[in-house]
Amino acid sequence: MTPRIYTPEEIAKIRVSSLIVADTLAEMAKMIAPGVSTLELDRKAEEFIRSQGGRPACKGFEGFPFTLCVSVNEFVVHGFPSERKLKEGDIVSVDCVVEKDGYYGDSAYTFAVGQIEEPVRNLLEDTKASLYKGIEQVRAGNRVGDIGYAVQTYTESRGYGVVRELCGHGVGAHMHEKPDVLNYGRRGYGVQLKAGMVIAVEPMITLGKRNIGIAKNEWEVFTLDGKPAAHFEHSMAVTGEGADILSSFEKVEQIIKNK
(Lines give C-alpha, C1' and ligand atoms only; values in the text may rest on other atoms or scores of the structure.)
Protein backbone atom coordinates (compact mmCIF):
# COMPACT_ATOMS: atom_id res chain seq x y z
CA MET A 1 0.00 0.00 0.00
CA THR A 2 1.44 3.38 -1.01
CA PRO A 3 1.76 5.87 1.87
CA ARG A 4 -1.04 8.41 1.78
CA ILE A 5 -0.43 12.08 1.05
CA TYR A 6 -2.61 14.32 3.21
CA THR A 7 -3.96 17.77 2.35
CA PRO A 8 -3.28 20.72 4.67
CA GLU A 9 -6.92 20.54 5.78
CA GLU A 10 -6.53 16.87 6.72
CA ILE A 11 -3.26 17.53 8.53
CA ALA A 12 -5.03 20.21 10.55
CA LYS A 13 -7.52 17.56 11.72
CA ILE A 14 -4.71 15.14 12.59
CA ARG A 15 -3.16 17.96 14.62
CA VAL A 16 -6.40 18.40 16.58
CA SER A 17 -6.41 14.72 17.52
CA SER A 18 -2.69 14.81 18.30
CA LEU A 19 -3.13 17.75 20.64
CA ILE A 20 -5.92 15.96 22.50
CA VAL A 21 -3.37 13.19 23.03
CA ALA A 22 -0.88 15.79 24.27
CA ASP A 23 -3.43 17.16 26.72
CA THR A 24 -4.29 13.63 27.88
CA LEU A 25 -0.62 12.92 28.58
CA ALA A 26 -0.54 16.18 30.56
CA GLU A 27 -3.45 14.92 32.67
CA MET A 28 -1.43 11.76 33.30
CA ALA A 29 1.58 13.86 34.32
CA LYS A 30 -0.56 15.49 37.01
CA MET A 31 -1.60 12.09 38.40
CA ILE A 32 1.51 9.93 38.16
CA ALA A 33 2.93 9.40 41.65
CA PRO A 34 3.68 6.55 44.05
CA GLY A 35 0.47 4.81 45.11
CA VAL A 36 -1.55 5.59 41.97
CA SER A 37 -2.78 2.55 40.05
CA THR A 38 -2.33 2.31 36.30
CA LEU A 39 -6.05 1.56 36.01
CA GLU A 40 -6.80 4.95 37.60
CA LEU A 41 -4.73 6.55 34.86
CA ASP A 42 -6.68 4.67 32.21
CA ARG A 43 -10.08 5.67 33.59
CA LYS A 44 -9.09 9.33 33.81
CA ALA A 45 -7.68 9.27 30.28
CA GLU A 46 -10.89 7.88 28.79
CA GLU A 47 -13.01 10.41 30.67
CA PHE A 48 -10.78 13.28 29.54
CA ILE A 49 -10.59 12.21 25.88
CA ARG A 50 -14.37 11.91 25.65
CA SER A 51 -14.77 15.31 27.32
CA GLN A 52 -12.73 16.77 24.43
CA GLY A 53 -14.98 15.20 21.80
CA GLY A 54 -12.46 12.49 20.96
CA ARG A 55 -12.61 8.73 20.96
CA PRO A 56 -10.01 6.58 22.76
CA ALA A 57 -8.84 4.74 19.66
CA CYS A 58 -6.88 1.95 21.36
CA LYS A 59 -9.99 0.75 23.20
CA GLY A 60 -11.34 -2.16 21.18
CA PHE A 61 -8.57 -2.00 18.55
CA GLU A 62 -7.97 -5.63 17.58
CA GLY A 63 -9.43 -6.56 20.97
CA PHE A 64 -7.25 -4.29 23.12
CA PRO A 65 -9.45 -3.59 26.16
CA PHE A 66 -8.14 -0.25 27.45
CA THR A 67 -7.78 3.43 26.53
CA LEU A 68 -4.03 3.58 27.24
CA CYS A 69 -1.04 1.34 26.83
CA VAL A 70 0.66 1.69 30.23
CA SER A 71 4.00 -0.09 30.41
CA VAL A 72 5.97 -0.12 33.68
CA ASN A 73 9.72 -0.75 34.03
CA GLU A 74 10.70 -3.82 31.94
CA PHE A 75 7.48 -3.63 29.92
CA VAL A 76 8.29 -1.90 26.64
CA VAL A 77 4.88 -1.24 25.09
CA HIS A 78 1.23 -2.39 25.04
CA GLY A 79 1.01 -2.75 28.83
CA PHE A 80 -2.43 -3.43 30.31
CA PRO A 81 -3.63 -0.98 32.97
CA SER A 82 -4.37 -2.80 36.22
CA GLU A 83 -4.78 -2.35 39.98
CA ARG A 84 -0.98 -2.37 40.21
CA LYS A 85 0.11 0.73 42.09
CA LEU A 86 3.09 2.71 40.91
CA LYS A 87 5.95 2.93 43.36
CA GLU A 88 8.89 5.24 43.91
CA GLY A 89 11.64 4.53 41.38
CA ASP A 90 9.36 3.07 38.68
CA ILE A 91 9.21 4.38 35.15
CA VAL A 92 5.98 4.21 33.18
CA SER A 93 5.42 4.62 29.46
CA VAL A 94 2.00 5.98 28.56
CA ASP A 95 1.01 5.55 24.90
CA CYS A 96 -2.25 7.15 23.77
CA VAL A 97 -4.15 7.33 20.49
CA VAL A 98 -7.17 9.56 19.89
CA GLU A 99 -9.55 9.66 16.94
CA LYS A 100 -11.66 12.73 16.26
CA ASP A 101 -13.62 13.51 13.11
CA GLY A 102 -12.09 10.49 11.37
CA TYR A 103 -8.43 11.34 11.99
CA TYR A 104 -5.95 9.92 14.48
CA GLY A 105 -3.21 11.34 16.69
CA ASP A 106 -0.62 9.16 18.44
CA SER A 107 2.01 10.02 21.04
CA ALA A 108 3.82 8.45 24.00
CA TYR A 109 5.87 9.65 26.95
CA THR A 110 7.83 7.75 29.59
CA PHE A 111 7.47 9.21 33.08
CA ALA A 112 9.61 8.87 36.18
CA VAL A 113 7.70 7.97 39.35
CA GLY A 114 9.33 10.00 42.09
CA GLN A 115 13.11 9.71 42.22
CA ILE A 116 14.69 7.19 39.86
CA GLU A 117 18.22 5.79 39.64
CA GLU A 118 20.68 7.73 37.51
CA PRO A 119 21.16 5.04 34.78
CA VAL A 120 17.38 4.90 34.34
CA ARG A 121 17.11 8.69 34.24
CA ASN A 122 19.80 8.70 31.57
CA LEU A 123 17.83 6.06 29.63
CA LEU A 124 14.78 8.34 29.60
CA GLU A 125 16.75 11.40 28.57
CA ASP A 126 18.68 9.55 25.85
CA THR A 127 15.59 7.83 24.45
CA LYS A 128 13.80 11.17 24.16
CA ALA A 129 16.91 12.69 22.58
CA SER A 130 16.98 9.83 20.06
CA LEU A 131 13.40 10.66 19.08
CA TYR A 132 14.50 14.15 18.12
CA LYS A 133 17.59 12.78 16.34
CA GLY A 134 15.19 10.74 14.22
CA ILE A 135 12.89 13.73 13.69
CA GLU A 136 15.85 15.73 12.36
CA GLN A 137 15.88 13.32 9.41
CA VAL A 138 12.19 13.82 8.59
CA ARG A 139 11.96 15.90 5.43
CA ALA A 140 10.79 15.32 1.87
CA GLY A 141 13.44 13.45 -0.11
CA ASN A 142 14.94 11.57 2.82
CA ARG A 143 14.13 7.93 3.48
CA VAL A 144 12.85 6.04 6.50
CA GLY A 145 16.27 4.40 6.78
CA ASP A 146 17.72 7.81 7.58
CA ILE A 147 15.40 8.05 10.59
CA GLY A 148 16.24 4.56 11.82
CA TYR A 149 19.96 5.10 11.35
CA ALA A 150 19.86 8.30 13.41
CA VAL A 151 17.97 6.64 16.29
CA GLN A 152 20.13 3.52 16.23
CA THR A 153 23.52 5.19 16.09
CA TYR A 154 22.65 7.65 18.85
CA THR A 155 21.34 5.02 21.28
CA GLU A 156 23.70 2.14 20.53
CA SER A 157 26.71 4.43 20.90
CA ARG A 158 25.53 4.94 24.49
CA GLY A 159 25.25 1.21 25.14
CA TYR A 160 21.48 0.77 24.87
CA GLY A 161 19.46 -1.84 23.02
CA VAL A 162 17.11 -0.90 20.17
CA VAL A 163 13.93 -2.98 19.97
CA ARG A 164 13.62 -4.17 16.37
CA GLU A 165 10.36 -6.11 16.34
CA LEU A 166 8.23 -2.97 16.78
CA CYS A 167 8.36 0.32 14.94
CA GLY A 168 6.81 3.66 14.11
CA HIS A 169 4.29 3.99 11.30
CA GLY A 170 2.15 6.19 9.17
CA VAL A 171 -0.85 7.69 10.93
CA GLY A 172 -3.83 9.74 9.82
CA ALA A 173 -7.09 8.26 8.57
CA HIS A 174 -6.11 5.04 10.38
CA MET A 175 -4.13 4.36 13.52
CA HIS A 176 -1.47 2.41 11.62
CA GLU A 177 -0.63 3.12 7.99
CA LYS A 178 2.36 2.72 5.72
CA PRO A 179 5.25 3.31 5.87
CA ASP A 180 6.82 1.35 8.72
CA VAL A 181 9.36 3.59 10.46
CA LEU A 182 12.03 1.38 11.99
CA ASN A 183 14.32 2.50 14.80
CA TYR A 184 17.34 1.01 13.09
CA GLY A 185 18.48 1.04 9.48
CA ARG A 186 20.81 2.33 6.80
CA ARG A 187 21.02 5.83 5.44
CA GLY A 188 19.51 6.20 2.00
CA TYR A 189 17.39 3.05 2.21
CA GLY A 190 13.67 2.42 2.57
CA VAL A 191 10.55 4.32 1.60
CA GLN A 192 11.19 7.88 0.46
CA LEU A 193 9.45 10.59 2.46
CA LYS A 194 7.20 12.98 0.56
CA ALA A 195 5.55 16.24 1.59
CA GLY A 196 2.11 15.55 3.03
CA MET A 197 2.95 12.15 4.50
CA VAL A 198 2.17 11.84 8.21
CA ILE A 199 4.22 9.49 10.36
CA ALA A 200 4.75 8.55 14.00
CA VAL A 201 8.37 8.14 15.10
CA GLU A 202 8.70 6.15 18.33
CA PRO A 203 12.02 4.83 19.65
CA MET A 204 11.70 1.88 22.04
CA ILE A 205 15.05 1.61 23.81
CA THR A 206 16.27 -0.79 26.50
CA LEU A 207 18.78 -0.35 29.30
CA GLY A 208 20.04 -3.86 28.68
CA LYS A 209 19.81 -6.17 25.67
CA ARG A 210 17.27 -5.53 22.92
CA ASN A 211 15.64 -8.98 23.13
CA ILE A 212 11.94 -9.01 23.98
CA GLY A 213 9.16 -11.41 24.86
CA ILE A 214 5.37 -11.22 24.62
CA ALA A 215 3.11 -11.97 27.58
CA LYS A 216 0.41 -14.63 27.60
CA ASN A 217 -2.24 -12.00 26.87
CA GLU A 218 -0.47 -11.61 23.48
CA TRP A 219 -0.15 -7.84 23.94
CA GLU A 220 2.35 -6.84 26.60
CA VAL A 221 5.95 -6.66 25.38
CA PHE A 222 8.76 -6.97 27.93
CA THR A 223 12.55 -7.16 27.97
CA LEU A 224 13.84 -10.70 28.38
CA ASP A 225 16.62 -9.59 30.74
CA GLY A 226 14.14 -7.73 32.96
CA LYS A 227 15.87 -4.38 32.54
CA PRO A 228 13.81 -1.22 32.02
CA ALA A 229 12.80 0.19 28.65
CA ALA A 230 11.74 3.67 27.57
CA HIS A 231 9.41 4.81 24.80
CA PHE A 232 8.76 8.28 23.38
CA GLU A 233 6.62 9.10 20.33
CA HIS A 234 5.51 12.06 18.26
CA SER A 235 3.19 12.28 15.24
CA MET A 236 4.39 14.61 12.49
CA ALA A 237 3.73 15.77 8.96
CA VAL A 238 6.53 15.67 6.40
CA THR A 239 7.40 18.95 4.66
CA GLY A 240 10.18 20.03 2.35
CA GLU A 241 11.78 21.92 5.24
CA GLY A 242 11.51 19.18 7.85
CA ALA A 243 9.03 17.72 10.32
CA ASP A 244 5.92 19.59 11.40
CA ILE A 245 5.39 17.97 14.81
CA LEU A 246 1.66 17.65 15.40
CA SER A 247 1.79 16.32 18.97
CA SER A 248 3.47 18.09 21.88
CA PHE A 249 5.34 17.41 25.13
CA GLU A 250 5.19 21.05 26.20
CA LYS A 251 2.37 20.79 28.75
CA VAL A 252 3.64 17.45 30.10
CA GLU A 253 7.09 18.84 30.74
CA GLN A 254 5.80 22.03 32.32
CA ILE A 255 3.79 19.95 34.79
CA ILE A 256 6.79 17.70 35.55
CA LYS A 257 8.98 20.76 36.08
CA ASN A 258 6.50 22.29 38.52
CA LYS A 259 5.93 19.13 40.59
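Quick note: residue numbers are just sequence positions, from 1.
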Check whether any side-chain N or O of Ser107 sits under 3.5 Å from a backbone N or O of Ala22 as a donor-acceptor pair, and report yes or no. no
Decide if the gap between the ring center of Tyr109 and the ring center of Phe249 is smaller than 6.0 angstrom.
yes
Minimal heavy-atom distance between Gly105 and Ser235, with the atoms involved, is C-OG, 4.3 Å
query: Going through the distances and angles, do Glu165 and Ile212 end up as a side chain to side chain contact (heavy atoms under 4.5 Å, CB included)?
result: CA-CA 8 Å; Glu165 294 84 353; Ile212 59 168; 3.5 Å; yes
CZ of Phe111 to CD1 of Ile256, rounded to nearest 0.5 Å, is 5.5 Å
Give a yes or no on this: more than 12 heavy atoms of other residues, nucleotides or ligands lie within 6.0 Å of atom NZ of Lys259.
yes
Which of Asp126, Thr155, Asn122 passes side-chain hydrogen bond (donor to acceptor under 3.5 Å, both in side chains) with Tyr160? It is Asp126
Scanning both residues in full, the closest heavy-atom pair of Gly35 with Lys85 reads O-CD, 3.4 Å
d(Thr110 OG1, Asp95 CG) to nearest 0.5 Å is 9.0 Å
Heavy-atom closest pair (Lys251 atom, Ala26 atom, distance to 0.1 Å) is CB-CB, 3.8 Å
Original post:
So, does Asn183 use its side chain to make a donor-acceptor pair with the main chain of Val151 at under 3.5 Å?
Top reply: no
Here the gap from Arg158 atom CZ to Thr127 atom OG1, rounded to the nearest 0.5 Å, amounts to 10.5 Å
Side chain to side chain donor-acceptor pair (under 3.5 Å) filter on Tyr103, not counting sequence neighbours, yields Glu10
Residues passing the side-chain contact (heavy atoms from CB on, under 4.5 Å) test with Glu9, sequence neighbours excluded, are Thr7
Any non-hydrogen side-chain atom of Ser130 less than 4.5 Å from a side-chain atom of Tyr154?
yes
### Query
Does Thr223 use its side chain to pair, donor to acceptor, with the backbone of Lys227 at less than 3.5 Å?
yes
For this session: Would you check if Arg55 and Lys100 make a side-chain contact, meaning some heavy-atom pair closer than 4.5 Å?
Result: no
Less than 4.5 Å apart, side chain to side chain, heavy atoms only: is that true for Met236 and Ile135?
yes
Between the CD atom in Glu99 and the CD1 atom in Ile14, the distance rounded to the nearest 0.5 Å is 11.5 Å
Is there side-chain contact between Ile245 and Tyr132, with at least one heavy-atom pair below 4.5 Å? yes
Applying side-chain contact (heavy atoms from CB on, under 4.5 Å) to Glu250 and not counting sequence neighbours gives Ser248
Tightest non-hydrogen contact, residues Ala140 and Val238, listed as N-CG1, 3.5 Å
Sorted by chain and number, sequence neighbours left out, salt bridge (Lys or Arg N to Asp or Glu O under 4.0 Å) with Glu220 holds for none
Cluster link Ile255 to Leu25, ILVMFWY, side chain under 4.5 Å
no
Sequence neighbours excluded, the answer for salt bridge (Lys or Arg N to Asp or Glu O under 4.0 Å) partners of Glu253 is Lys128
Taking every heavy atom of Val113 against every heavy atom of Lys87, the minimum-distance pair comes out as CG1-O, 3.3 Å
I'd like to know if the side chain of Thr24 pairs up with that of Glu27 as donor and acceptor (distance under 3.5 Å, no hydrogens or angles considered). no
The reported gap from CD1 in Ile49 to CG in Asp23 (rounded to nearest 0.5 angstrom) is 10.5 Å
Do Val181 and Val97 sit in the same hydrophobic cluster, where Ile, Leu, Val, Met, Phe, Trp and Tyr count as joined when their side-chain heavy atoms come under 4.5 Å apart? no
_Main chain of Arg84, side chain of Ser37: is a donor-acceptor contact present, judged purely on distance under 3.5 Å?_
no
Original post:
Charged N to carboxylate O under 4.0 angstrom, Lys59 versus Glu46?
Top reply: yes
> Any side-chain heavy atom of Ile205 within less than 4.5 Å of one from Leu123?
Replying inline: yes
Side-chain heavy atoms under 4.5 angstrom apart, residues restricted to Ile, Leu, Val, Met, Phe, Trp, Tyr: same cluster for Val198 and Val144?
no
Table please: side-chain donor-acceptor pairs of residues 61-73 below 3.5 Å, with sequence neighbours left out.
unit_1	atom_1	unit_2	atom_2	d
Ser71	OG	His78	N	3.4
Ser71	OG	Gly79	N	3.0
Asn73	OD1	Ile91	N	2.9
Asn73	ND2	Asp90	OD1	2.9

- Please tell me if the side chains of Leu19 and Val21 come closer than 4.5 Å, counting only heavy atoms from C-beta onward. no
- Message: Between Val191 and Asp180, is the side chain to side chain contact (heavy atoms under 4.5 Å, CB included) condition met? List the steps.
- Response: CA-CA 9 Å; Val191 173; Asp180 289 344; over 6 Å; no
Applying salt bridge (Lys or Arg N to Asp or Glu O under 4.0 Å) to Arg143 and not counting sequence neighbours gives none
Residue pairs meeting side chain to side chain donor-acceptor pair (under 3.5 Å), one or both in residues 198-215, sequence neighbours left out, come to His169-Glu202, Glu202-His231
Open item on the list: Does Leu86 form a side chain to side chain contact (heavy atoms under 4.5 Å, CB included) with Ile32? I'd like the steps, not just the answer.
Closed with: CA-CA 8 Å; Leu86 298 172; Ile32 286 171; 4.1 Å; yes
Check: Does a salt bridge link Asp146 with Arg186, judged by any charged N lying under 4.0 Å from a carboxylate O?
Finding: no
Residue set satisfying side-chain contact (heavy atoms from CB on, under 4.5 Å) with Ala173, at least two apart, ordered chain then number -> Arg4, Tyr6, Glu177
Q) Mind checking whether Leu166 and Leu182 sit in one hydrophobic cluster, side chains of I, L, V, M, F, W, Y counted as touching below 4.5 Å? A) no
Heavy atoms of Ala150 and Lys133 approach each other most closely as CB-O, 3.6 Å
In this structure, OH of Tyr149 is separated from CD of Gln137 (nearest 0.5 Å) by 10.0 Å
Contacts of Gln152 meeting side chain to side chain donor-acceptor pair (under 3.5 Å) (sequence neighbours excluded), chain-then-number -> Glu156
If you apply the rule side chain to side chain contact (heavy atoms under 4.5 Å, CB included), what do you find for Leu193 with Arg139, and how did you get there?
CA-CA 7 Å; Leu193 301 175; Arg139 71 178 66 87; over 6 Å; no
query = What do you reckon, is CD of Glu117 surrounded by more than 12 foreign heavy atoms closer than 6.0 Å?
reply = no
- prompt: Does NE2 in His174 sit with more than 12 non-hydrogen atoms of other residues, nucleotides or ligands closer than 6.0 Å?
  reply: no
Determine whether Pro3 and Ile5 make a side-chain contact, defined as any pair of heavy atoms from C-beta on separated by less than 4.5 Å.
no
Those residues at least two apart in sequence (or on a different chain) that pass salt bridge (Lys or Arg N to Asp or Glu O under 4.0 Å) with Glu47 are Lys44
Shared hydrophobic cluster, Ile20 / Leu41 (ILVMFWY, side-chain heavy atoms < 4.5 Å): yes
Joining Ile, Leu, Val, Met, Phe, Trp and Tyr whenever any side-chain heavy atoms lie under 4.5 Å apart, the cluster holding Phe222 also takes in Phe75, Leu224
**Request:** Decide yes or no for Tyr104 and Val98: does some side-chain heavy atom of the first lie under 4.5 Å from some side-chain heavy atom of the second?
**Result:** no
